[in-house]
Amino acid sequence: MKIAILGSGGREHALTFSISKSNKVEKIYCIPGNAGTSELAENISLDINDFKSVYEFLKRNNINFVVVGPEDPLVNGIVDYLEKLDIKVFGPNKIASQLEGSKIFTKKLCKKYNIPTAEFGIFENADDSYRYINNAKHPLVIKADNLAAGKGVYICREKNESYLAVKEIFDGKFGTAKNILFEEFLEGEEMSYFIISDGKTFKNFGSAQDHKRVGEGDKGKNTGGMGAYSPSRLFNEELEQKILEKIIKPTLKGINDLGTKYKGFLYAGLMIVKDEPFLIEYNVRMGDPECQTILPILNTDIIKIFQSCVDEKLNEIEIKWINKKSLCVVLCSNGYPDKYEKNIIIENFEKLSLNEKNYLFHAGTEKKDNKIYAVGGRVLNFISISNTYSEAKKNIHENLKKLNWEKGFFRKDIGYKVIDK
Ligand code: AMP
Ligand code: GLY
């Protein structure tokens, strides 16, 4: 089989790595990929939101199967577009992708199907929003409705912050805003929970805890994710039953009731409050860096899993896992998530110990003249799988020391809640 993977981050390098281990695969293309994927696949420089160019490339190269990494093309309907042209694609269609594309769509679905989530209100203009804020309890959570790469969420401690959030959203900071979402602030601990679905059956695809804040102790600005560990320390069978019965099953029923099916990964961002799960958000893809953290412990051919989803035969497959803990630390460019330099050389890759326990997945990197440059904020993902999280952390830190990249930084406390000091 010839496979194309769409995307260029750490998640897509991890997917490329897992797919490259499948004996069903003869060639992989990454559109556009990064320096890491270029070791395993052919990188193709195309805009993944230009569906026509993507299709023409697939057709010209007889590519049979497409795996979509990031949310934008999914929300914009790439699956519907390619399926109509007889290309097999792993990922949810446009209707189902609204679970990530529109927070208000998801909130309404939660209300209709009684899915536990933060209390909420929706307003259509700034004046109504200001009036609401005047009497609202704080902290208050304010969200832009559209895709905003994780940036359209404000946790407002006091009224002035809330007024500013409303102004920024209606001024169009995240694109034209037809409405705005207000949410009750939930106090608890977050957990990422994943399933994979073929529209008829679904299976667990792991859990993780992501560290989204830039600073140690989970302080400072939100980022794309500074590191993660899997499984989440909160995970247990009793909690999983609640997540499935109260959140996942009613959601999939809601999508079925719209006359369609959910196919692909579904990522539930949960807040666990006193052992009860609340849905914070859905993503219609794997998490990043959760994907890099989880795939090294997958012990089943991932292409077999993806094919079975597309063919609606997931019930025929058993997904096996290696019984280990996995930790991932993200190495970022100095300055991230604010301004950072681009095109900085990274050396010493040959010094790293990479094997069946220790992995390196690239994110914002590019290869030029056989040298590797950092071109993004999140640059490299170091993963280690082990019997204990502390052992995994030790292995990662040894590799980070060997790389010794002075232009970057990483959080030294990833997994602090599961690692004794
Ligand atoms: P979202 O993009 O909706 O996942 O929000 C980004 C982050 O904001 C989440 O990962 C949470 O840390 C935080 N957050 C979002 N909604 C709430 C809420 N209702 N209560 C507390 N924290 C929240
Ligand atoms: N790890 C957060 C995300 O992928 O959205």
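Ligands are counted one by one from 1 in listed order, and the atoms in each one are counted from 1 as well. Side-chain atoms are counted along with the backbone in the values below, which use heavy atoms only and exclude waters and symmetry mates.
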Peer 1: Are the side chains of Q98 and Y282 in touch, meaning some heavy atoms are under 4.5 Å apart?
Peer 2: no
Peer 1: Does the plane of the ring in Y55 sit parallel, tilted or perpendicular to the ring in Y81? Use 30° and 60° as the thresholds.
Peer 2: perpendicular
Peer 1: With a 6.0 Å cut-off (strictly less than), is the heavy-atom count around CD of E189, excluding the residue itself, greater than 12?
Peer 2: yes
Peer 1: What are the atoms of ligand 1, with element, lying closer than 4.0 Å to any heavy atom of M271?
Peer 2: 21 (C), 22 (N)
Peer 1: Please state which part of E187 comes within less than 4.0 Å of ligand 1, counting heavy atoms only: side chain, backbone, both or neither.
Peer 2: neither
Peer 1: Has ligand 1 got any nitrogen or oxygen that is less than 3.5 angstrom from a nitrogen or oxygen of A118?
Peer 2: no
Peer 1: Just to be sure I'm reading this right: ignoring hydrogens, which of M286, R285, K212 gets closest to atom 5 (O) of ligand 2? Compare them by their nearest heavy atoms.
Peer 2: R285
Peer 1: Can you find an N or O of R11 that's nearer than 3.5 Å to an N or O of ligand 2?
Peer 2: no
Peer 1: Considering only heavy atoms of G287, which atoms of ligand 2 have at least one such atom less than 4.0 Å away?
Peer 2: 4 (O)
Peer 1: In ligand 2, which numbered atoms sit nearer than 4.0 Å to a non-hydrogen atom of G224?
Peer 2: 1 (N), 2 (C)
Peer 1: Short list, please: which atoms of ligand 1 are under 4.0 Å from a heavy atom of E184?
Peer 2: 18 (C), 19 (N), 20 (N)
Peer 1: Going by the order shown, which atoms of ligand 1 are within less than 4.0 Å of some heavy atom of E281?
Peer 2: 1 (P), 2 (O), 3 (O), 4 (O)
Peer 1: If you take the centroid of each ring, where Trp contributes its six-membered ring, are F361 and F382 closer together than 6.0 Å?
Peer 2: no
Peer 1: Aromatic ring centroids of F182 and F123 under 6.0 Å?
Peer 2: yes
Peer 1: Counting from 1, what ligand 1 atoms have a heavy atom of K103 closer than 4.0 Å?
Peer 2: 1 (P), 2 (O), 3 (O)
Peer 1: Quick check on contacts: which atoms of ligand 2 are under 4.0 angstrom from a heavy atom of D210?
Peer 2: 1 (N), 2 (C)
Peer 1: Would you please say whether a donor-acceptor pair under 3.5 Å links the side chains of D145 and S102?
Peer 2: yes
Peer 1: Centre-to-centre under 6.0 Å for F265 and F202, is that the case here?
Peer 2: no
Peer 1: Can you confirm whether or not the ring centre of F17 sits under 6.0 Å from the ring centre of H362?
Peer 2: no
Peer 1: For the 3.5 Å polar cut-off, considering only N or O atoms, please tell me whether E190 and ligand 1 meet it.
Peer 2: yes
Peer 1: Examine the proximity of ligand 1 to V141 and report which part, side chain or backbone, both or neither, has a heavy atom under 4.0 Å away.
Peer 2: side chain
Peer 1: Considering only heavy atoms, which of I142, V153, L186, T106 lies nearest to atom 5 (O) of ligand 1?
Peer 2: V153
Peer 1: Go through the steps to decide whether W321 and F205 satisfy the test ring pair (Phe, Tyr, Trp, His ring centres under 6.0 Å), and finish with yes or no.
Peer 2: CA-CA 9 Å; W321 301 95; F205 210 79; 5.1 Å; yes
